[in-house]
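In what follows, every chain begins at residue 1, and chains take the letters A, B, ... in the order their sequences are listed. None of these values were measured; they are calculated from a predicted model. Every heavy atom of this structure was used, including side-chain atoms; hydrogens, water molecules and symmetry mates were not.
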Amino acid sequence: MIEKESKKELSGFFEDFLKKEPIIHEKTVLKSNYNPDEILHRDDQINQIAQTLAPALRETKPSNLFIYGKTGTGKTVSVKHTTDQILKVAEKNSNKNLRILYINCKLKKIADTEYRLIAQLARELGKDIPVTGLPTDEVYNIFFAVLEKQGVTLVLVLDEIDQLMKKTGDEILYNLTRINAELSHSQVSIIGISNDLVFADNLDPRVKSSLSEEEIIFPPYNALQIQDILRSRAEKAFRKEVLEPGVIEKCAAYAAREHGDARRALELLRVSSDLAERRGQMKVSVSDIDEAEEKIERERVVDIVIAQPKQFQATLYSIISVYLKNRDMVSTGEAYLVYKNICSRIGLRPLTQRRFSDIVSELDMLGIINARVTSKGRYGRTREIELAINDTILLKIRNILEKDLEG
DNA sequence: GTCAATTCACATGAAAGAGACCACGGTCTAGTG
DNA sequence: CTAGACCGTGGTCTCTTTCATGTGAATTGACGA
């Protein structure tokens, strides 16, 4: 009976699906890796990048460039856009000696350590380097040799460079900035892109001065600018009149609230139109956006949590347990006690408190919890841990963890 | 009441170990002509 | 004779432990008004 019902519904569903015209007709436009032809509200920055890079066309070394700006302010897009253009021009004038390497330092297993970064660079230049097994300076030598042999002007774009520095220190940058002294046929200049505005302050002053010969700051977009961006993308992505009035404004407002993150705005728009389409609506309404936001957040957290190693999950689980019990700030000590219990229950070797403490701050960085150190005077010093996720998601996470840990 | 010393409960740093990977070169083995 | 299997060595990377040191303010206790 029930089955019959659902079968009928299912075929009906497919029929309806076919009859309907899709809301979205060009989905990729809304994806974050889409490369638009024109970049709005970034003319100044693009011009600056272009001016800095232009000497490369005459085979003189461009100044090193440092770009700051929060996520979703168009840094990567602008740089890619500019470098694409300059490459085109170089090609047209048959200048074969300009090479641009774009590397995202955050990518695990590719460029998140000194060895891997240099190895990756050498690989991009066409030299095969083993994933591991060679001494780091050997890799440097190989890289130098290739570079010297090819005799090129190399522009190295290091995206999310702050991540790399945080993990490995600034030695790489020091070595890279010094490269030119050792090369006679090639030259290298570096474009560093960082989300972290104060990042350069912790850098070795020598590195800092040579790296930031030029600096560009990408300010956050304001709500109006985000609206413009959304509109231009929406025009390509949707059929006419699909978006109810106010939708774009609301997406923009949400994103502007989060330090003007255009990427986020686009994601909101994409997910809410997805939801609307799946539900068979003909239009995207304002209320879809709220739902989209909830969905994005939920998926983000769930994805992060299930990708964590066991120890992290156990840590998080213990924090959640304590939090749900007394609905208050959790201290490291409390959580650690519970954690040890959980470990013995599920047969996991408990880590030391030292490590536990590190895991807590790593969870903090992932944005699942908020932890800040406070001193309670006579009663010591600890992290006060709060969950950074709302209760519905929290319970869901707890269930997932419970299953994962028992299993 | 004031002020410096004390004290708590961890935070934070540094160094080093364990174990997983991996490349490389040398040696051994089995298959081939 | 040679290709491939099989070591041992030396390297990186990640996660972790051990040992040491740091730290911010409530509390304490001495001191002087």
Per A:R381 side chain, nearest of listed nucleotides B:dC8, C:dG24, C:dT17: C:dG24
Parallel, tilted or perpendicular, as decided by the 30° and 60° cut-offs, for the rings of A:H41 and A:Y221: perpendicular
Contact list for DNA chain C against residues 326-342 of chain A - heavy-atom distance below 4.0 Å: none
Residues A:R300 and A:E297 bridged, charged N to O under 4.0 Å: yes
A:R355 CZ - B:dT12 P separation (whole Å): 14 Å
Atom pair distance, as rounded to whole Å: CD in A:Q120 and P in C:dC13: 14 Å
Residue-phosphate contact under 4.0 Å: A:R116 side-chain N/O, C:dT14 OP1/OP2: yes
Nucleotide B:dT6, atom P - distance to OH of A:Y379 in whole Å: 19 Å
Min side-chain heavy-atom separation A:L316-A:Q313 under 4.5 Å: no
Rounded distance in Å - CZ (A:R349) to P (C:dT16): 8 Å
Residue list, side chain to side chain contact (heavy atoms under 4.5 Å, CB included) with A:K236, at least two apart or on another chain: A:V29, A:Y34, A:D37
Salt bridge A:D391-A:R327, side-chain N to carboxylate O under 4.0 Å: yes
Sugar-phosphate, base or nothing in reach of A:R372, heavy atoms under 4.0 Å: nothing
Interatomic distance, A:L363 CG vs B:dA11 P [rounded to whole Å]: 13 Å
Value in whole Å for how far the P atom of B:dA23 lies from CZ of A:R123: 11 Å
Distance-only donor-acceptor test, A:R354 side-chain atoms vs B:dG13 base atoms, 3.5 Å: yes
Per A:R383 side chain, nearest of listed nucleotides C:dT16, C:dT27, B:dT12: B:dT12
A:R383 vs A:D364 side-chain heavy atoms within contact, under 4.5 Å: no
Of the listed nucleotides C:dT27, B:dA11, C:dG24, the one nearest the side chain of A:S375: C:dG24
A:T352 side-chain N/O to C:dT17 phosphate OP1/OP2 under 4.0 Å: yes
Rounded distance in Å - CZ (A:F356) to P (C:dT18): 17 Å
Distance in angstrom units between A:F312 CZ and C:dT14 C1', rounded: 11 Å
Side chain to side chain, A:D261 and A:K70, heavy atoms closer than 4.5 Å: no
A:Y115 vs C:dG11: side-chain N/O to OP1/OP2 distance below 4.0 Å: no
